[in-house]
Peer 1: 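Below is a structure I'd like to ask you about.
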Amino acid sequence: MSKTFHITTFGCQMNEHDSEIMAGMLTEKGFRQVGERSEADVAIINTCSIRENADKRFFGTLGQLKRRKKDNPEFLVCVCGCMMQQQHVIDTIKAKYPWVDVIFGTHNIHQLPELIDNVLAEKKRQIEIWPDGGEIVEGLPSKRLFDCKALVNIMFGCNNFCTYCIVPYTRGRERSRRPEEIVKEVRNLVGDGVKEIMLLGQNVNSYKGDGDTDFADLIYMLNEIDGLERIRFMTSHPKDLSDKLIKAYTECDKLCRNIHLPVQSGSSRILKRMNRKYTKEQYLELIGKLRKAAGDMTISTDIIVGFPGETEEDFEETLDLVRKVRYDSAFTFLYSVRKGTPAEKFTDQIPEEIKHQRFNRLVDLINTISAEKNAEYVGRVEEVLVEGPSKTGSRTFAGRTDGFKLVNFKGSEDMVGQLVKVEITEGKTFSLEGRVIGEAEQR
Ligand code: SAH
Ligand code: SF4
Ligand code: F3S
């Protein structure tokens, strides 16, 4: 009987993609992936450390597994991801959860099969953490979540050291893959039925391939691949958004008219304290350039509320910026202190109550604008890549427009993985409703 495994993934697309690679490696090893953790012989928990509640969820999950491990010592528990790159977390696991079998980090996921072999052979816990990323390991298998779309990592790590953020400490310094490796991977994916790729990096547009291939050059190279329909990327930093990349939106037909451009705050004073390296005005200028190049482009962002020292005036600058940009959607976060980051030392932390009040005001504004923007789509015809059955009901399917809007519509199983034309009949706050009117043309 082959062993079964289950992976629980917390965090961003980086972690999602790492989990796809781990699933690929274990499947190649002859293990079988199962949908329920309770049915698995091996449980893997891929952790995130971006905010405090991410840490808490991990320890909550470990608590649930303790009993199972006690009843069945053969059951293997493996933990990995961003939390494991922090010494204080490793110390806590050693002290409070000594029954965890395998601990590894973000830089050595390729070692998972070997670590599992070792724990089975030696019957003792394996801990293998690399402090920083070595040579990029190419050619690892991957088991995708969707048949029609794929995550493609193009660079790893982050050099920006925003003062609130843990990522530079958990993912190490920036390293880019060679462009020919990326093109080869995307060609293989297209051969396997993939229509849409999402290029991944903590800071994708600071991509620096061989010689002088920059991020925009890479987009042009990928735009040439026959059979590929859509190119997206996540996440770009405003400081690295070049005119060359903005021009690519007008020249590369496969590049989706959508950008996620985290602003974090609308106050130039707070942005400076966050070490974001741009001002409110410079950010708004970028938005102006993007809208000029591609007027129909959808724009989303990330905003942190209650960063240390944020005054009511600073917060109102954020509201003002949101009103000016009119985002299609935005992820909002309460500032969370992270151990070892510069902002941990800032003495002017904001009381929880004020943080929550500001958070609610901001979310109200964002949702109002999202609903207004979505209402404008009624009557338009959009190309939608059908992802699968929708969560909302029977015979309802869901997919994304070029601008990354979620659309629900009545459909059939044979549409899954296809690009269809959908007429939008209703705009809601977080999604659109529509009806299929035909197939879309190939790009
Ligand atoms: N590399 C990406 C995003 C990384 S994390 C970028 O630079 O845009 C995703 C989002 O989490 C960030 O954009 C930020 O808004 C939020 N975030 C990061 N650290 C945080 C913290 N300590 N507290 C609250 N939100 C945080
Ligand atoms: Fe974190 Fe800033 Fe790097 Fe994004 S750019 S991962 S927010 S340090
Ligand atoms: Fe979390 Fe690590 Fe991503 S901290 S957000 S999983 S890079």
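Every value quoted in this text rests on a predicted model; they were computed, and no experiment measured them. Whatever order the structure lists ligands and atoms in, that order sets their numbers, starting from 1.
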Peer 1: Which residue supplies the protein heavy atom nearest to atom 1 (Fe) of ligand 3, what is that atom called, and how far is it?
Peer 2: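 Ranking protein heavy atoms by distance from atom 1 (Fe) of ligand 3, first comes C48 SG, 2.4 Å.
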
Peer 1: If you draw a 6.0 Å radius around CD in E39, do more than 12 non-hydrogen atoms from other residues or ligands fall strictly inside?
Peer 2: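 Check passes, neighbour count above 12.
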
Peer 1: Measure the distance from atom 24 (C) of ligand 1 to every protein heavy atom, then report the residue, atom name and distance (to 0.1 Å) of the closest one.
Peer 2: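 Among all protein heavy atoms, the one nearest atom 24 (C) of ligand 1 is L334 O, 3.3 Å.
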
Peer 1: Distance under 6.0 Å and angle within 45° of the ring axis: does R171 meet both against F156?
Peer 2: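 So R171 doesn't make the cation-pi contact.
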
Peer 1: Where is the nearest protein heavy atom to atom 3 (Fe) of ligand 3: which residue, which atom, and how far?
Peer 2: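 Sorting protein heavy atoms by distance from atom 3 (Fe) of ligand 3 puts C12 SG, 2.3 Å first.
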
Peer 1: How far is atom 7 (S) of ligand 2 from the closest protein heavy atom, and which atom is that?
Peer 2: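 Of the protein heavy atoms, Y164 OH, 3.4 Å lies nearest.
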
Peer 1: Would one find more than 12 heavy atoms of other residues, nucleotides or ligands at under 6.0 Å from atom CG of D348?
Peer 2: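 Correct, the count exceeds 12.
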
Peer 1: For V167, is the nearest heavy atom under 4.0 Å from an atom of ligand 1?
Peer 2: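 Heavy atoms of V167 never come under 4.0 Å of ligand 1.
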
Peer 1: Is R173 reaching over with its side chain to a backbone N or O of C158, donor-acceptor style, under 3.5 angstrom?
Peer 2: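 Yes; judged by distance alone, with no hydrogens or angles, the pair exists.
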
Peer 1: Who's the nearest protein heavy-atom neighbour of atom 7 (S) of ligand 3, and how far?
Peer 2: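 Ranking protein heavy atoms by distance from atom 7 (S) of ligand 3, first comes Q202 NE2, 3.1 Å.
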
Peer 1: For E114, does its backbone N or O pair with a side-chain atom of D117 as donor and acceptor, under 3.5 Å?
Peer 2: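 It does not hold such a pair.
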
Peer 1: Does the ring of F404 carry R400 above it, NZ/CZ under 6.0 angstrom from centre and within 45° of its axis?
Peer 2: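 Yes, a cation-pi geometry.
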
Peer 1: When you compare ligand 1 with Y335, is there at least one nitrogen or oxygen pair between them that comes in under 3.5 angstrom?
Peer 2: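 N/O-N/O distance below 3.5 Å does not exist for this pair.
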
Peer 1: Give the numbers and elements of all ligand 1 atoms closer than 4.0 Å to a heavy atom of R338.
Peer 2: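 Listed by number with element: 22 (N).
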
Peer 1: Checking a contact table here: which protein heavy atom is nearest atom 4 (C) of ligand 1, and how many Å away?
Peer 2: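 Checking every protein heavy atom, the shortest distance to atom 4 (C) of ligand 1 gives Q202 OE1, 3.6 Å.
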
Peer 1: For atom 8 (O) of ligand 1, what is the nearest protein heavy atom, given as residue, atom name and distance?
Peer 2: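 Scanning the protein heavy atoms, the shortest distance from atom 8 (O) of ligand 1 goes to P262 CG, 3.0 Å.
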
Peer 1: Under 4.0 Å from a heavy atom of Q202: which atoms of ligand 2 are those, numbered in the order shown and with their elements?
Peer 2: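 Near Q202, the atoms of ligand 2 are 6 (S).
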
Peer 1: Can you list the ligand 3 atoms lying under 4.0 Å from a non-hydrogen atom of C82?
Peer 2: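 Near C82, meaning under 4.0 Å from one of its heavy atoms, ligand 3 has 2 (Fe), 4 (S), 6 (S), 7 (S).
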
Peer 1: Just jot down the ligand 2 atoms closer than 4.0 angstrom to any heavy atom of H237, in number order.
Peer 2: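 The atoms of ligand 2 under 4.0 Å from a heavy atom of H237 are 5 (S).
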
Peer 1: Measuring from atom 12 (C) of ligand 1, which candidate in I166, D302, V337, I303 has the nearest non-hydrogen atom?
Peer 2: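 It is D302 whose heavy atom sits nearest to atom 12 (C) of ligand 1.
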
Peer 1: For the residue pair F307 and Y164, categorise the inter-ring angle as parallel (less than 30°), tilted (30 to 60°) or perpendicular (more than 60°).
Peer 2: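 Perpendicular.
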
Peer 1: Of I45, V79, N46, which is the lone residue that meets side-chain contact (heavy atoms from CB on, under 4.5 Å) with T8?
Peer 2: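 Filter result, single survivor: I45.
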
Peer 1: Do the rings of F233 and F215 sit parallel, tilted or perpendicular, given the 30° and 60° boundaries?
Peer 2: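 Rings of F233 and F215: perpendicular, over 60°.
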
Peer 1: Got a sec: does the CZ of R57 have more than 12 other heavy atoms crowding it under 6.0 Å?
Peer 2: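 Counting neighbours around CZ of R57, 12 or fewer heavy atoms of other residues, nucleotides or ligands fall under 6.0 Å, so no.
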
Peer 1: Specify side chain, backbone, both or neither for F161, according to which of its non-hydrogen atoms lie closer than 4.0 Å to ligand 2.
Peer 2: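 The part of F161 near ligand 2 is the backbone, not the side chain.
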
Peer 1: Using a cut-off of 6.0 Å, state whether more than 12 heavy atoms not belonging to K292 lie near its atom NZ.
Peer 2: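 No, because the 6.0 Å sphere around NZ of K292 holds 12 heavy atoms or fewer from other groups.
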
Peer 1: Are R276 and ligand 2 in contact, using a heavy-atom cut-off of under 4.0 Å?
Peer 2: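 Yes, R276 has heavy atoms under 4.0 Å from ligand 2.
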
Peer 1: Would you mind listing which atoms of ligand 3 come within a distance below 4.0 Å of any non-hydrogen atom of N15?
Peer 2: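 Under 4.0 Å from N15, ligand 3 has these atoms: 6 (S).
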
Peer 1: Does any N/O atom on Q264 come nearer than 3.5 Å to any N/O atom on ligand 1?
Peer 2: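 Yes; the residue has a nitrogen or oxygen that sits under 3.5 Å from a nitrogen or oxygen of the ligand.
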
Peer 1: Using the six-membered ring wherever Trp is involved, compare the ring planes of F331 and H260 and label them parallel, tilted or perpendicular (cut-offs 30° and 60°).
Peer 2: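 Taking H260 first and then F331, their aromatic rings stand perpendicular (interplane angle over 60°).
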
Peer 1: For atom 4 (S) of ligand 3, grab the closest protein heavy atom and report residue, atom and distance to one decimal in Å.
Peer 2: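 Here the closest protein heavy atom is S49 N, 3.3 Å.
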
Peer 1: Of the non-hydrogen atoms in H237 and Y278, which two are nearest, and what is the gap between them?
Peer 2: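 That closest heavy-atom pairing would be CE1-CE2, 3.7 Å.
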
Peer 1: Kindly check if the number of other-residue, nucleotide or ligand heavy atoms within 6.0 Å of NZ (K244) is above 12?
Peer 2: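 For K244, atom NZ is crowded (more than 12 foreign heavy atoms under 6.0 Å).
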
Peer 1: When you measure from atom 3 (Fe) of ligand 2 to every protein heavy atom, which one gives the shortest distance, and what is it?
Peer 2: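 Nearest neighbour among protein heavy atoms for atom 3 (Fe) of ligand 2, to 0.1 Å: C158 SG, 2.3 Å.
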
Peer 1: Nearest to atom 5 (S) of ligand 2, what protein heavy atom do you find, and at what distance?
Peer 2: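 Answer, as residue, atom name and distance: N160 ND2, 3.3 Å.
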
Peer 1: Among protein heavy atoms, which lies nearest atom 5 (S) of ligand 1, and at what distance?
Peer 2: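 For atom 5 (S) of ligand 1, the nearest protein heavy atom comes out as I50 CD1, 3.5 Å.
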
Peer 1: Write out the residue and atom name of the closest protein heavy atom to atom 1 (Fe) of ligand 2, then the distance separating them to 0.1 Å.
Peer 2: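 Going by distance alone, atom 1 (Fe) of ligand 2 is nearest to C165 SG, 2.3 Å.
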
Peer 1: Determine whether K355 and E310 satisfy the following criterion, salt bridge (Lys or Arg N to Asp or Glu O under 4.0 Å), listing intermediate values before the conclusion.
Peer 2: CA-CA 9 Å; K355 272 195 213 172; E310 184 188 73; over 6 Å; no

Peer 1: Indicate yes or no: does an N/O atom of S336 lie under 3.5 Å from an N/O atom of ligand 1?
Peer 2: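 Such a contact does occur with ligand 1.
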
Peer 1: Answer yes or no on whether K149 is positioned over the face of F146, meaning its NZ or CZ is under 6.0 Å from the six-membered ring centre and within 45° of the axis.
Peer 2: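 Yes, a cation-pi geometry holds between K149 and F146.
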
Peer 1: Give the residue, atom name and distance (to 0.1 Å) of the protein heavy atom nearest atom 7 (O) of ligand 1.
Peer 2: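 Here the nearest protein heavy atom works out to R276 NH1, 3.8 Å.
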
Peer 1: Checking contacts here: is it the side chain or the backbone of P168 that comes within 4.0 Å of ligand 2, counting heavy atoms only? Could be both or neither.
Peer 2: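 Only the side chain of P168 comes within reach of ligand 2.
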
Peer 1: N/O/S of C162 less than 2.8 Å from atom 2 (Fe) of ligand 2?
Peer 2: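 It does; at least one qualifying atom falls short of 2.8 Å.
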
Peer 1: Can you confirm whether R361 sits close enough to F315 that some side-chain heavy atom of one is under 4.5 Å from a side-chain heavy atom of the other?
Peer 2: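 Counting from C-beta outward, R361 and F315 do come under 4.5 Å.
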
Peer 1: For atom 19 (N) of ligand 1, find the nearest protein heavy atom and state the residue, atom name and distance (0.1 Å precision).
Peer 2: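 Of the protein heavy atoms, Y164 CD1, 3.3 Å lies nearest.
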
Peer 1: Which residue and non-hydrogen atom of the protein lie closest to atom 17 (N) of ligand 1, and at what distance in Å?
Peer 2: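 Nearest neighbour among protein heavy atoms for atom 17 (N) of ligand 1, to 0.1 Å: R51 NH1, 3.5 Å.
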
